[in-house]
Amino acid sequence: MRTLKVSEKNRDFFSQVYQVVREIPRGRVTSYGAIAKFLGSAGSARMVGWAMNASHKQIENIPAHRVVNRNGILTGKHHFNPPEKMIQLLEFEGVIVKNDEVRDFDKVFWDPIIELDIE
DNA sequence: ACGTTGACCTATA
DNA sequence: GTATAGGCCAACG
């Protein structure tokens, strides 16, 4: 269990999303909804998507390819350039993607609610 | 200021 | 198994 320290500056929703996404280990994935729920705003999963959409503007690298929807489908691949990049990144880390869907999703799923503690 | 738009999710049929 | 509906709420035009 790792503890996430949220400083005064990083209190806004987007920053918190980025901090969680950065904690996803190599070869594991999580879902938009899981992040939203972890941050206390379940039902705002679409905002997590928005955060990913804006993640390329961030200075630090955000492993947005490790975030998929709750069925393990790579719904966000069209926002990568090229779209195949997302699959390549995942498979490079050992995640097997078949037909835009993560294989053994339940096994590689990384749940921030279990793995992270917020401070 | 306001209507529309989503890298979503749950529920229901 | 698919389909449709409603809620969500920040950002964009």
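Naming: A, B, ... by sequence-line order, numbering from 1 per chain.
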> Between C/dC12, B/dC9, B/dA7, which nucleotide has the shortest distance from any of its atoms to the side chain of A/K57?
Replying inline: C/dC12
>> Which nucleotide wins on minimum distance to the side chain of A/F14, given the candidates C/dC9, C/dA10, B/dA7?
In response: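 Out of C/dC9, C/dA10, B/dA7, the nucleotide with an atom closest to A/F14's side chain is C/dA10.
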> What nucleic acid atoms does A/A64 come within less than 4.0 Å of, heavy atoms only: base, sugar-phosphate, or nothing?
Replying inline: base
> Heavy atoms under 4.0 Å, any strand shown: does A/R46 hit a base, just sugar-phosphate, or nothing?
Replying inline: base
> Just wondering, are more than 12 heavy atoms of other shown residues or ligands nearer than 6.0 Å to CZ in A/R103?
Replying inline: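 Result for CZ/A/R103: open.
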>> Counting only heavy atoms from other residues, nucleotides and ligands, does the tally under 6.0 Å from CG of A/N61 exceed 12?
In response: no
> Atom CD1 of A/I118 and atom NZ of A/K5: how far apart are they, to the nearest 0.5 Å?
Replying inline: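 Answer for the CD1-NZ pair, A/I118 versus A/K5, is 13.0 Å.
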How many whole angstroms separate atom [atom1] of [X] from atom [atom2] of [N]?
{"X": "A/R70", "N": "B/dA7", "atom1": "CZ", "atom2": "P", "answer": "19 Å"}
{"X": "A/E101", "N": "C/dG1", "atom1": "CD", "atom2": "C1'", "answer": "14 Å"}
{"X": "A/N69", "N": "B/dA7", "atom1": "CG", "atom2": "P", "answer": "12 Å"}
{"X": "A/D12", "N": "C/dA10", "atom1": "CG", "atom2": "P", "answer": "12 Å"}
{"X": "A/I62", "N": "B/dA7", "atom1": "CD1", "atom2": "P", "answer": "18 Å"}
{"X": "A/F13", "N": "C/dA11", "atom1": "CZ", "atom2": "P", "answer": "10 Å"}
{"X": "A/W50", "N": "B/dT4", "atom1": "CH2", "atom2": "C1'", "answer": "11 Å"}
{"X": "A/N53", "N": "C/dC12", "atom1": "CG", "atom2": "P", "answer": "9 Å"}

>> Could you see if A/W50 belongs to whatever hydrophobic cluster contains A/I62? Use Ile, Leu, Val, Met, Phe, Trp, Tyr and a side-chain cutoff under 4.5 Å.
In response: yes
>> Is the phosphate of C/dC9 approached by A/S41 (side-chain N or O, under 4.0 Å from OP1 or OP2)?
In response: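 Result: no.
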